[in-house]
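Numbered from 1 within each chain, the chains take letters A, B, ... in sequence-line order. What you see below is based on every heavy atom in this structure, not just the backbone, and it leaves out hydrogens, waters and symmetry mates.
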Amino acid sequence: MTDTHTPTPQTPELPTQFDPTTTEPKWAAKWRNEPFRADATSGKDPFTIVIPPPNVTGNLHLGHALDNTLIDTLIRYKRMAGFEALYLPGMDHAGISTQVVVERQLKDAGTNRHDLGRENFLEKVWDWKAKSGGMILDQLTRLGVSADWTRERFTMDEGLSRAVRAQFVKLYHGGLAYRGERIVNWDPASQTTLSELEIDREVRKGKMYTLSYKLENPAEAASNGDAGEIRIATVRPETIFADQAIAVHPNDERFKHLVGKKARIPLTERLVPIIADEAVEMDFGVGALKITPAHDPTDFEVGERHGLPRPSVIDLDGNLTTDELVPAEFQGLERFAARKAVVKALEEGGDLLEQKDHDTAIGLSERTKVPVEPIISEQWFVQMKPFAAQVLDGLEKGEIRLTPERYAKVNRDWLENIRDWNISRQLWWGHQIPAWYDEEGNIYVPDPENPELDCDVDPRYRHLNLRRDPDVFDTWFSSNLWPFSTLGWPDTDSEDFQKFYPTQVLVTGYDILFFWVARMQMAGYGLTGQAPFSTVMLHGLYLDAKGQKMSKSKGNGIDPLELFDQYGVDACRFAFTFLSTGGQDIKHDARRFEQGRNFANKLWNATRFALMRLGEGIPALTGDDDLTRYVRSTLEKPDGASPRSRDALAQLKTRSDLTLADRWIISRLNAVTAEASAQLDAFDIGAAIRTLYSFTWDEFCDWYIEAAKPALSSGNLGTMATLKAVLEHILKLLHPFMPFITSELYGALGHRRQIAVHSWPKEDAALHDAEATHAFDALRAAVAAARSLKSELGLSPQDRLNVAVEGELAGVVGENSRVVESIAKVNLVTLLEGRTLSLVEQGVTIRAPLEGTVDMADWLKKQQKRLQELDKQIKQAEGKLSNEGFVARAPAEVIEEEQRRIKDFGAQKERLEGVLAQFG
RNA sequence: AGAACCGUAGCUCAGGGGUAGAGCACUACCUUGACACGGUAGGGGUCAGGGGUUCAAAUCCCCUCGGUUCUACCA
């Protein structure tokens, strides 16, 4: 990366409004084409954040825009603060989502993946990836992220594929990855298994049916039914053909005598045993249930405990099988149609005793929205408990900090209850599992010493007819490696891995805490022996204006590109950071974007003001001192490095030509620099932008610029330098948040090197000036009072009013009369004849002649109210100070503060009483 | 069934033991040589309700009422 750019041609004046469309493309292109390349050999401390890789399919949505804004803000801050900052970009192949998208396209084109064949299909997906991935890249570029594009990665690129294989081989030979027959979640639409996390639970209205199962011995009876029957409850009557038992609780007196006996499945002649198992809840339903091991996870476990067979009656398409277990009339029926048919038949046969409304939580495939079907299948699994234990240990030791902290508990709870992870997917798009089978079903997996060697070409197995597992890994089985696979792992000696791993912060939404964060934690500890990041910063979800989640199906999504077009990217970044507080969800609010746009415009015009005034004043500057050169560089744009604003500030401190306003703003800038830096260090990005926003607008623009006008008009070098230095510091402080406009304006102020590579302002205790702060506060109070009086007297802002200043701090105001007169548009006079309208403020009283259209009764009422308020405050403070407990226990500063308040309010009260005395 | 978060001005939200804040909206005045995407002066809140801890509670604890969400194999 070079650190120069083509400066904006110096026009006499910037336009009066900031136009993002002329500024943004230039900088976005620069940051894309000359990326912020992190140097693995530098001596600086690393600061690494890996992007939560967006799915190659689909667009950047607001969640991504939020993620990447927060990441970029931290990265830009740390880069300026002297770290070797690496923002590592990339994308995820998103197995099932992408395959579903491409298959849908094929369907629209009248074909399908099976007709195409695996290789042709994959070619299509890669085409789509190229197109879609390019779009995401453009969107991130538009956002202005300072990513290191030379390190961009993709979960299916060569290096990452090697990492995935290394992971699997290691887990397999360590006995942690295994193949087994389990009940898994099947998505009949996409024809693959899913992990628990890929299923959305949704409560739907359904029915619960009470069925009568006839006992083998008609002389017996369950106490929940008539003679010769036992009643059971189910919500899935279509699965009764796969029943293997009826279960009751072992302590349930109603059924004890029946355990070991048999009952007949309705609509069939098949008998199943009645068994006792703790899993049964006595109080629920009718106390007994059917056990269908092949079609229900709980039943599967019960079946395992009791050694029951587990035949299946639903096939992979979600239809009843043509198995002999299923009566002919139901064979081949779709599962929901089958339910209706079975219910009807049960009803007709008198076996259906009752059906009542029942809310059932059903599992929907996250991607296809189709109800998942529990099926029994042979799949690959990874044992999670050993990994979870390592993470829990690391969390315990504080090796990973979560912010907000409350998520640490959520993180732990999930890890403590973790189950084995089904990692195989019956998809084509993804990392094909490197496992081979011989004709007898024996498993072959490459050796850890030579993981890249496929078993079917391994000389040792040449005599065998090996067939590769057609399945691929779950997408998250590659995303879990992201913080280190992107840095060269499994090559742990690589420069990048050595320098940038482990990473510092992970920024993402709390919604993927389990999916992604926890799995990276486990992979990090399990494969690299350390935490993959030291801080997890979780932000809330970006919701629509009504507070609902945005989703394609609801059609309530907001396209970030439209917001960029409408408000400008800086304004959007302002809004994102301003809105992000403490991991709370964010409800979309257009007003925040307007606020950002207005703020950008304010900054633009403040700089415009500075350029105009400095431009007017510079020709008269003839000195050859550092400070003069610093101010002159605004127009002269030196080829070498410009004199630094930090040095200028340090020099300014000792100058005698500084005005009170200059001293005040320098002191305030210093305090704000410290505050914003501390907030960023604590990852409280929202607080930092708020601090900077109010300082820039309320203090710098509203007070300092106004107060500096008289001194600028008389060409005061100290004020010119202060204006420039403070403005440049503000631009630096805001740069991480609003990179475009700050880069542009910094260039306009005479800098050739882009602001992004300048250093972050540092707090300097020597710049603190309590006296100036105190005095300027009095001046502000005087100005506010004078303005208020003008308003009360019905005067226009431009009408000049004679006012007199009295009070403890009248001297300070008098010394700065030019400033007060200029800002408040008043004339300061020493004495006023006759009755006056007066306003009493802290330290000063402002008096104005009583003329014009003031409503005296109303005015006096207000002043009386004011007096009462002061009285109340004084009494309150006195009350506290006369309270023994307060004096004994409150900290000294608080006590002093109360004493000070009594003094200040007392003085104000005295002055106000004097003022009111003239009106009797 | 557990758990978490939220309830502060008309709206959207900060603040999180020590004098109630912002943006927008509202009222009045102002095109004052940076900015009307602006300026100035104003109005508006018993910080959901109740109890407790404390010298001091919007802030900490408990309960209640509303709202949201996440976990969980109740047929």
query: Looking for any heavy atom pair under 4.0 Å, which part of the strands does Tyr693(A) touch: base, sugar-phosphate only, or nothing?
result: sugar-phosphate
message: At 4.0 Å (heavy atoms only), tell me whether Val280(A) reaches a base, stays on the sugar-phosphate, or touches nothing.
response: base
query: Taking only side-chain nitrogens and oxygens of Gln584(A), does any of them come within less than 4.0 Å of OP1 or OP2 of C6(B)?
result: yes
message: Please determine whether a side-chain nitrogen or oxygen atom of Asn598(A) lies at a distance below 4.0 Å from atom OP1 or OP2 of G38(B).
response: yes
- prompt: Looking at the side chain of Ala890(A), which of C70(B), G18(B), C30(B) is the nearest nucleotide?
  reply: G18(B)
Lys709(A) side chain near A34(B) phosphate (N/O to OP1/OP2, under 4.0 Å): yes
field: Phosphate OP1/OP2 of C13(B): any Arg592(A) side-chain N/O under 4.0 Å
entry: no
- prompt: Whole-Å distance between G33(B) P and Leu614(A) CG?
  reply: 19 Å
query: So what does Arg236(A) touch, heavy atoms closer than 4.0 Å: a base, only the sugar-phosphate, or nothing?
result: nothing
statement: Side-chain atoms of Pro891(A) come closest, of G18(B), A34(B), G39(B), to G18(B)
- request: Please state the P separation for the pair G16(B) and C11(B) - nearest whole angstrom.
  value: 23 Å
field: Value in whole Å for how far the P atom of A75(B) lies from NZ of Lys290(A)
entry: 13 Å
query: Looking only at atom C1', what distance separates U71(B) and A56(B), rounded to whole Å?
result: 39 Å
- line: Closest of A41(B), A22(B), C30(B) to the Gln798(A) side chain is C30(B)
task: Measure from the side chain of Asn883(A), starting at C-beta and using heavy atoms only, and say which of A34(B), A75(B), C55(B) lies closest.
output: C55(B)
query: Lys602(A) near the nucleic acid: base, sugar-phosphate alone, or nothing, with a heavy-atom cut-off under 4.0 Å?
result: base
message: In this structure, how many angstroms lie between the C1' atom of C37(B) and the CZ atom of Arg608(A), rounded?
response: 13 Å
- request: Apply side chain to side chain donor-acceptor pair (under 3.5 Å) to His249(A) and list each qualifying residue two or more places apart in sequence or on a separate chain.
  value: none
query: Where the side chain of Thr16(A) is concerned, which of C35(B), A75(B), C29(B) is the nearest nucleotide?
result: C35(B)
query: Parallel, tilted or perpendicular for Tyr693(A) and Trp697(A), by the 30°/60° rule?
result: tilted
field: Nearest-Å distance once atom C1' is located in both A14(B) and C61(B)
entry: 24 Å
query: Glu301(A) and Ile183(A): side chain to side chain contact (heavy atoms under 4.5 Å, CB included), yes or no, with the steps?
result: CA-CA 9 Å; Glu301(A) 285 169 22; Ile183(A) 192 152; over 6 Å; no
- request: Scan Arg419(A) against the nucleic acid and name what it touches under 4.0 Å (heavy atoms): base, sugar-phosphate only, or nothing.
  value: sugar-phosphate
- line: Rounded to whole Å, the CD-P distance (Gln244(A) to A75(B)) equals 21 Å
- prompt: Between C70(B), C37(B), A75(B), which nucleotide has the shortest distance from any of its atoms to the side chain of Asn601(A)?
  reply: C37(B)
task: Answer yes or no: does a side-chain N or O of Trp697(A) lie under 4.0 Å from OP1 or OP2 of G39(B)?
output: yes
query: Taking any strand in view, what nucleotide pairs with A3(B) in a Watson-Crick or G-U wobble way, both distances under 3.5 Å?
result: U69(B)
- prompt: Does a side chain donor of either Glu706(A) or Ser822(A) reach within less than 3.5 Å of an acceptor in the other side chain?
  reply: no
field: Whole-Å P distance, G66(B) and A58(B)
entry: 24 Å
message: With rounding to the closest Å, how many angstrom separate the P atoms on U53(B) and U69(B)?
response: 37 Å
message: Can you work out whether Asp413(A) or Asn605(A) has the more 5'-proximal nearest nucleotide on RNA chain B?
response: Asp413(A)
Distance-only side-chain donor-acceptor flag, Thr360(A) / Lys207(A), under 3.5 Å: no
query: Within the structure shown, what part of the strands sits under 4.0 Å from Arg597(A) by heavy-atom distance: base, sugar-phosphate, or nothing?
result: base
- request: Could you check whether Thr298(A) gets within reach of a base, just the sugar-phosphate, or nothing at all, counting any heavy atom under 4.0 Å?
  value: base
task: Identify whether any heavy atom of Glu281(A) sits under 4.0 Å from a base atom; if not, whether one sits that close to sugar-phosphate; answer base, sugar-phosphate or nothing.
output: base
query: Between Thr581(A) and A14(B), does any side-chain N or O lie under 4.0 Å from OP1 or OP2?
result: yes
4.5 Å side-chain heavy-atom contact, Leu603(A) and Phe18(A): no
- prompt: G17(B) C1' sits how many Å from Glu897(A) CD, rounded?
  reply: 15 Å
Arg406(A) CZ - C6(B) C1' separation (whole Å): 10 Å
- prompt: Does the side chain of Lys207(A) get closer than 4.0 angstrom to OP1 or OP2 of A75(B) through an N or O atom?
  reply: no
- prompt: Between atom CG in Leu692(A) and atom C1' in A14(B), what is the gap in whole Å?
  reply: 15 Å
statement: Walking RNA chain B from its 5' end, the first of Gly885(A) and Val286(A) to be reached, judged by nearest nucleotide, is Gly885(A)
message: Is it the case that atom CD in Gln798(A) sees more than 12 heavy atoms from other parts of the structure closer than 6.0 Å?
response: yes
- prompt: Taking atom P in both G45(B) and G2(B), what distance in whole Å separates the two?
  reply: 41 Å
task: Could you check how far CZ of Arg780(A) sits from C1' of U40(B), rounded to whole Å?
output: 15 Å
message: Just to be sure I understand the rule, does Arg889(A) reach a base, reach only the sugar-phosphate, or reach nothing, if contact means heavy atoms closer than 4.0 Å?
response: base
task: Ignoring backbone atoms, test whether Lys587(A) places a side-chain nitrogen or oxygen under 4.0 Å from the OP1 or OP2 oxygen of C13(B).
output: yes
Nearest listed nucleotide, side chain of Gln595(A), among C70(B), G23(B), C35(B): G23(B)
message: Using the C1' atom as the point on both nucleotides, what is the distance between G10(B) and G44(B), in whole Å?
response: 9 Å
- prompt: With a 4.5 Å heavy-atom cut-off, do Arg900(A) and Glu897(A) have their side chains touching?
  reply: yes
query: For the side chain of Arg690(A), counting heavy atoms from C-beta on, which of A41(B), C13(B), U32(B) is nearest?
result: C13(B)
query: Do you see a donor-acceptor pair shorter than 3.5 Å between the side chains of Tyr542(A) and His588(A)?
result: yes
query: If you check the Phe886(A) side chain, which of U12(B), U19(B), C55(B) turns out closest?
result: C55(B)
- prompt: Could a donor-acceptor pair under 3.5 angstrom be found where the side chain of Glu898(A) meets the base of A56(B)?
  reply: no
- prompt: Expressed as a whole number of Å, how far does the C1' atom of C55(B) sit from that of A41(B)?
  reply: 39 Å
query: Does Phe564(A) have its ring centroid less than 6.0 Å away from the ring centroid of Phe593(A)?
result: no
message: Using a heavy-atom cut-off of 4.0 Å across all strands, would you classify Asp702(A) as base, sugar-phosphate, or nothing?
response: sugar-phosphate
task: May I ask you to say what Val235(A) touches in the nucleic acid, namely base, sugar-phosphate or nothing, with a heavy-atom cut-off under 4.0 Å?
output: sugar-phosphate
